[in-house]
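Below is one structure; the comments refer to it alone.
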Amino acid sequence: MLDIRRIRQDPDTVARLLAKKHVDVDLDVVQRLDAKKREITLNIERLKAQRNQASEEVSRRKKRHEDVADLIAETRAVGEKIKELEVSLEPIDQELRDFLLTVPNTPLPQVPEGESADDNVEIHRFGDIPVFSFPAKPHWELGEMLEIIDFERARKISGSRFSLLRGMGASLSRALINFMLDHAKERGYQEVAPPYLVNETSMFGTGQFPKFVDDAFHVVPHDYYLIPTAEVPLTNLFRDEIISTPLPLKFTAYTASFRAEAGAAGRDTRGLIRQHQFDKVELVRFEEPANSEQAAEELLRDAESILEELELPYRTVILCGGDMGFTQALTYDIEVWMPSYGKYVEISSVSNMTDFQARRASIRYRPSGIKKTELVHTLNGSALAVGRTIAAILENYQRASGHVQIPSALRPYLNGQEEI
RNA sequence: GGAGGGGUAGCGUAAUUGGUAACGCAGUGGUCUUGAAAACCACCGCCUUAUGGCUUGCAGGUUCGAGUCCUGUCCCCUCCGCCA
């Protein structure tokens, strides 16, 4: 959520920044509702002050056993007027809040102009694209040949966009998760094992709701939602709290993630790239506002270095305004080379949300030397999406025999095994 | 799921028949001190330029006035049942 005061004071700048994201928001509506709300609120508070004084006067007179009938009658009229104004305020306030919840975060200055993924700007590249002396196979074929991924039976058990790992496939997944968690812990992130089911308030807090309701799996009779990313429970850790320990706070979690993939029909239907359920190790940071830009760079390195240790070729892009998400002020995508696609495919997304989520979720801290509380900045990034990492390893490390070499960084997690 | 008990400031506790939320500890700043402790003063829940308004889990209702009375709801604890 954006600060209403910011919209009130400098609507032109906010409008210009939102235009960079290629979203059309009518800020006049916000300003009109805000002005109306403030006018009515002021009147209500004046009348309440009057009523409070009158009530105290009633109390005083009663103690002196004086007659208070007139005063009570008079004050009742004030109460009715307050009630009337409150009733008129309610729909305005509701409309204003609903509207603000649909206004996206504004991009930071370094975000490039652009409309779509084609306009993203590459900033970093690592590793050489592999050249195969044999016909390279896509990971779904390799996975089935090696009997480590079973798409058919997953479809039978659940449906499309589900997969099932067996034998060394399952072991490889577990090895990656442990490797990624250890990597994060070495870099100062505390490991968390959060719930996979969260309430609606948490989904609003991180910005999934109200806009992306259709992307979530809703557990109907109990009104829980399956987490689309560990970002949701991790960022909501401190919802409605004033953080009393020194910032930054850094957390990591391995969780499954669940996405309905509404609107993705027909895209990436083969393989592990786009699933309803996938494993991911996530990093989340709570930062002082002044440090969040530097924290974003650190977080990016925290994620990139995993691919470097796995010796997988990747590139990093900074998303242009038009390709950015709703809650983000800055996003880097890390894309791993996927031979079957013949291009780089997103394997991590690292974002600075500035105070956007913190305002929604009311996550604050006390800056040293200042009495007032302030909103923190939240950041998160995948480190990494496990399914896509498995796909990248199978494809980039495949041999002519159809076997797959295990990256040396992972071998300690697989009893030294060198090949699948 | 059932029964009972309970949610008041970070923690622990108050609040006559309904009369407008108090105290202690912890914490922050200041005075004092070579420094610290102690003592004293202020702050110590939120909004507001201010006046003032709001705040007793949450949402309503009754009332001039609700921590207190009424309705709904969430959460916690204990016991029972079920359960990996």
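Letters A, B, ... are given to chains in the order of the sequence lines, protein chains preceding strands, and every chain is numbered from 1.
In this structure, CD1 of A:Ile40 is placed 16 Å from C1' of B:G53, rounded to the nearest angstrom. Look at CZ on A:Arg38: it is 15 Å from C1' on B:G53, rounded to the nearest Å. Here B:U28 presents its P atom at 18 Å from OH of A:Tyr365, a figure rounded to the nearest Å. Taking atom CD1 of residue A:Ile44 and atom C1' of nucleotide B:C47, one finds them 14 Å apart after rounding to whole Å. Residue A:Asp34 contributes atom CG, which lies 12 Å from atom P of B:U48 at whole-angstrom precision.
Here, B:C74 and B:C23 have their P atoms 36 Å apart, quoted to the whole Å. As rounded to the nearest Å, B:U17 and B:U13 have P atoms that lie 23 Å from one another.
In the model, A:Tyr254 has a side-chain atom that pairs as donor or acceptor with a side-chain atom of A:Asp279 under 3.5 Å.
Within 4.0 Å of A:Arg61, counting heavy atoms only, lies no atom of the nucleic acid at all.
Here B:C83 sits opposite no nucleotide as a Watson-Crick or G-U wobble pair (both hydrogen-bonding atom distances under 3.5 Å). The base-pairing partner of B:A22, taking Watson-Crick or G-U wobble contacts with both distances under 3.5 Å, is B:U13. In this structure, B:U78 forms a base pair with B:A3, meeting either the Watson-Crick or the G-U wobble geometry with both donor-acceptor distances under 3.5 Å. Figure legend. B:C32 is base-paired to no nucleotide; pairs are counted as Watson-Crick or G-U wobble with both atom distances under 3.5 Å. Searching all strands for a Watson-Crick or G-U wobble partner of B:A66 with both distances below 3.5 Å returns nothing. With a cut-off of 3.5 Å on both pairing distances, B:C44 has no Watson-Crick or G-U wobble partner at all.
Between A:Lys280 and A:Ala385, the closest heavy-atom pair is CG-CA, 4.2 Å.
With a 6.0 Å cutoff to the six-membered ring centre and a 45° limit on the axis angle, A:Lys250 counts as a cation-pi contact of A:Tyr189.
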Footprint string (nucleotides 59-66 of chain B, 5' to 3'): B base within contact, S backbone only, - free, heavy atoms under 4.0 Å: --S--BS-
